[in-house]
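A quick write-up on the structure given underneath.
As the structure lists them, so they are numbered: ligands from 1, and atoms in each ligand from 1.
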Amino acid sequence: MAVVQEKPLLCKDFLARPKQLLIDGKFVDAETGNMFETRNPATDEVLCQVQEGGKADIDKAVKAARKAFEHGKWRKITATQRANMMLKLADLVEKNADEFAQLETLDNGKPIKESRYFDIPAVVETFRYYAGWCTKLEGETISNNPDFFTYTLREPIGVVGQIIPWNFPLLMAAWKLGPALACGNTLILKPAEQTPLSALRLGELVLEAGFPEGVVNIVTGFGANSAGEALSNHMDVDKIAFTGEDKTGREIVKASAGNLKRVSLELGGKAPNIVFADADIDAAVKGAIMGIFFNQGQVCCAGSRLFLDKKIHDEFMSKLTERVSKMRQGNGMDESTQIGPQVSREQQERVLKYIGIAKGEGAAVACGGDAPAGDLAKGYFVKPTIFTGVHNDMRIAQEEVFGPVLSVIPFEGVDDVADQANKIAFGLSGAVWTSDVKKAHKLAARIKAGTVWVNTFNMLDVAVPFGGYKMSGYGRELGKHSIDLYTNIKSVWVNLQD
Ligand code: NAI
Ligand code: MG
């Protein structure tokens, strides 16, 4: 038997250090006097204690961000200097990439190969991409009236609150920080309570990269009746960017009404993944697996509704279940793990509850269908699960499970599948597998979603906009579109009349 070489735990020192809030350029204890624990989802063991920020801490952080925005060095430096800080931050994350990958896997549970080869490189790329935008923000001149010189300025919005989830902890932080900093805003980041660690390590690097005090503040803590809520209803916060559950999104919108702050929302999804009989079936099988089981199904754009052309249903299902039953489930720190645990006991229970609902609705378990026993029982694992015989109007087909649970729905013809695909409250993404180029483009136009993939799934790029239709939210992150989320346009009129 091969001897498994134990990798050194690079994040050991960080785990041993106190986990404080980053406010006004310093790491400080929370005013609440409380701490909360964060656990390893693979083992249920406590990783460490983290300071629990509350309303008073948000007040302090907002004051620091306001001071840095109105009177600090940040507004006086050049765009190139801003870009250099962001590039330095990217370099520092890259230098510590292996430590970040371990930290992300320990705190979130995801397979180490995904942390190492997807999450952390994407974080570095996001900071580099948005560093490039610092020097490319421009206004325009408009010469409609010869008596006036009229131009526009693209200005930062001001103090921005950013509330992020636990599924891609550091990458979600980068998607938020990148454009906000590029545009010259100051910010308060509220990481998810389940996964606060990588954001706090990033905070250390923010200071090392030379960002002035108060530009980036990081307050760990909870959502409702706590730090998250205090941030979203704060009267001196100019904008909230949120990623998470649709229900929470509604709370954020309500909380924003006080000062009518700007809001951008990236909420859930229930993506249709449509396979026609003329598709490359083996490629579509692989795409369906990646589409639903990547990150344990905890992906807002996951392909959780698999629409199969009736003609290929049985062939597809036998290939799919054969592959899925061979997936290696285990501790994310194990290099051979393909599917890890859910992020928390709460999420594990939520997913198992939906599995129970689907069974009660009459869906048939093609594989999985419960939590694994044995060594994995102490962690928050759910077996990769596939249901057949699902109708699009069942709860399992309509509600976001956010776990490794696939609903398979048969269809007959383009109109049938287009109607079913769109009969859903969400609209984040969708996919079509076919060798017919006309059918592909026609369906891409018909699917009501912010992203449509053709013969692929889960493709993302920092330069390509990402966001939702319908209840999946509003605003587009990534690419040049997120610049609109973090800037205001001002028109300046100069009278030239004699
Ligand atoms: P959540 O939306 O409650 O939490 C996300 C973030 O919002 C966390 O930082 C949390 O502290 C904060 N938050 C919660 N309530 C808040 C409030 N009233 N005001 C301000 N901030 C608040 O998501 P949760 O409860 O962790 O997961 C529940 C479900 O949400 C999942 O099963 C999944 O369906 C969905 N979800 C979707 C995500 C996405 O990427 N679209 C990410 C995470 C969860
Ligand atoms: Mg919640």
Side-chain angles (χ1 to χ4, degrees), residues 36 38 41 50 52-55 58 107-108 110 161-169 171-173 175-176 188-196 198-199 218-234 237 240-258 261 263-271 294-302 304 342-355 380 382 395-396 398-405 425-429 449-451 458 460 466-468 470-475 477:
F36 64 101
T38 182
V50 179
E52 183 189 330
K55 187 177 177 321
I58 291 292
D107 211 11
N108 166 281
K110 63 177 68 202
Q162 306 187 308
I163 301 175
I164 57 169
W166 39 260
N167 51 347
F168 297 93
L171 185 56
M172 289 300 104
W175 282 23
K176 299 284 184 274
I188 301 99
L189 177 75
K190 210 296 280 170
E193 54 270 34
Q194 296 84 353
T195 55
S198 53
I218 303 176
V219 178
T220 48
F222 294 86
N225 305 310
S226 184
E229 191 175 312
L231 192 56
S232 54
N233 66 24
H234 203 290
V237 169
I240 288 278
F242 171 73
T243 300
E245 189 173 17
D246 53 302
K247 229 174 29 200
T248 315
R250 260 180 234 111
E251 294 304 319
I252 304 255
V253 170
K254 282 188 222 153
S256 73
K261 57 175 68 68
V263 178
S264 53
L265 301 170
E266 201 265 272
L267 309 174
K270 193 78 187 177
F294 176 59
N295 208 32
Q296 295 67 246
Q298 300 166 147
V299 182
C300 44
C301 53
S304 46
Q342 307 313 118
V343 75
S344 63
R345 184 69 76 200
E346 194 186 348
Q347 283 301 120
Q348 181 200 32
E349 283 166 2
R350 180 185 160 117
V351 175
L352 291 172
K353 186 193 83 185
Y354 269 109
I355 288 175
Y380 315 142
V382 177
R395 283 183 69 190
I396 196 65
Q398 290 290 316
E399 297 175 23
E400 186 174 48
V401 178
F402 226 61
V405 180
F426 298 105
L428 193 59
S429 61
T451 295
N458 272 348
L460 287 175
F466 184 78
K470 304 197 265 186
M471 256 169 57
S472 293
Y474 38 77
E477 295 192 289

Contact region, Q194 to ligand 1, non-hydrogen atoms below 4.0 Å, reads side chain
List ligand 1 atoms under 4.0 Å from I164, heavy atoms only on the residue side.
6 (C), 8 (C), 9 (O)
Counting only heavy atoms on the protein side, is anything nearer than 4.0 Å to atom 4 (O) of ligand 1?
no
Contact atoms of ligand 1, heavy-atom distance to G228 under 4.0 Å:
19 (N), 20 (C), 21 (N)
Sort out for me which residue in V343, V401, V351 forms a side-chain contact (heavy atoms from CB on, under 4.5 Å) with Q298.
V343
Check each heavy atom of W166 against ligand 1 and say whether those closer than 4.0 Å belong to the side chain, the backbone, both or neither.
side chain
Can you list the atoms of ligand 1 that are under 4.0 Å from a heavy atom of E229?
19 (N), 20 (C)
Record the part of Q347 in heavy-atom contact with ligand 1 below 4.0 Å; permitted values are side chain, backbone, both and neither.
side chain
I need the contact type for V299 against ligand 1. Using non-hydrogen atoms and a strict under-4.0 Å cut-off, is it side chain, backbone, both or neither?
neither
Distance filter under 4.0 Å to A224 heavy atoms, resulting ligand 1 atoms:
15 (N), 16 (C), 17 (C), 18 (N)
Atom 10 (C) of ligand 1: closest protein heavy atom, distance to 0.1 Å, is E193 OE1, 3.5 Å
Find out whether F466 and C300 are in side-chain contact, i.e. whether some heavy atom of one side chain is under 4.5 Å from a heavy atom of the other.
yes
Write out the residue and atom name of the closest protein heavy atom to atom 13 (N) of ligand 1, then the distance separating them to 0.1 Å.
G223 CA, 3.4 Å
Taking atom NZ of K55 as the centre, does the number of heavy atoms from other residues, nucleotides or ligands within less than 6.0 Å exceed 12?
no
Select one of side chain, backbone, both or neither to describe which atoms of A227 lie under 4.0 Å from any atom of ligand 1, heavy atoms only.
neither
May I ask you to check whether N108 and T195 show a side-chain donor-acceptor distance below 3.5 Å?
no
In Å and rounded to the nearest 0.5 Å, what is the CD1 to CD distance from I164 to E266?
12.0 Å
May I ask you to list the atoms of ligand 1 that are less than 4.0 angstrom from any heavy atom of I252?
20 (C)
Could you tell me the residue and atom name of the protein heavy atom closest to atom 39 (C) of ligand 1, and the distance to it rounded to 0.1 Å?
C300 CB, 3.6 Å
Nearest non-hydrogen atom to atom 44 (C) of ligand 1 belongs to which of F222, F242, F402?
F402
Smallest separation among heavy atoms of S472 and G427, with atom names
OG-N, 2.8 Å
Per-atom filter on ligand 1: closer than 4.0 angstrom to a heavy atom of I163 are 6 (C), 7 (O), 9 (O), 12 (C), 20 (C), 21 (N)
Output yes when the distance from some N or O of ligand 1 to some N or O of E400 is under 3.5 Å, and no in every other case.
yes
pair K176-I163: side-chain heavy atoms closer than 4.5 Å
no
Say you draw a straight line from CD of Q162 to CD1 of I240; how long is it, rounded to the nearest 0.5 Å?
8.5 Å
Please list the nearest protein heavy atom to atom 14 (C) of ligand 1 with its residue and the distance rounded to 0.1 Å.
T248 CG2, 3.5 Å
State which residue, out of L231, T248, V263, fulfils the side-chain contact (heavy atoms from CB on, under 4.5 Å) condition with F242.
T248
Among E245, Q342, E266, closest by any non-hydrogen atom to atom 2 (O) of ligand 1:
E245
Considering only heavy atoms from C-beta outward, does the side chain of D107 approach that of S198 to under 4.5 Å?
no
Any Lys/Arg nitrogen of R350 or E245 sitting under 4.0 Å from an Asp/Glu carboxylate oxygen of the other?
yes
F168 and W175 aromatic centres sub-6.0 Å
no
As a check for students: among L267, N233, L428, identify the option with a heavy atom nearest to atom 41 (N) of ligand 1.
L267
Any I355 side-chain heavy atom under 4.5 Å of V382 side chain
yes
Can you sort out which atoms of ligand 1 are near P165, meaning under 4.0 Å from one of its heavy atoms?
42 (C), 43 (C)
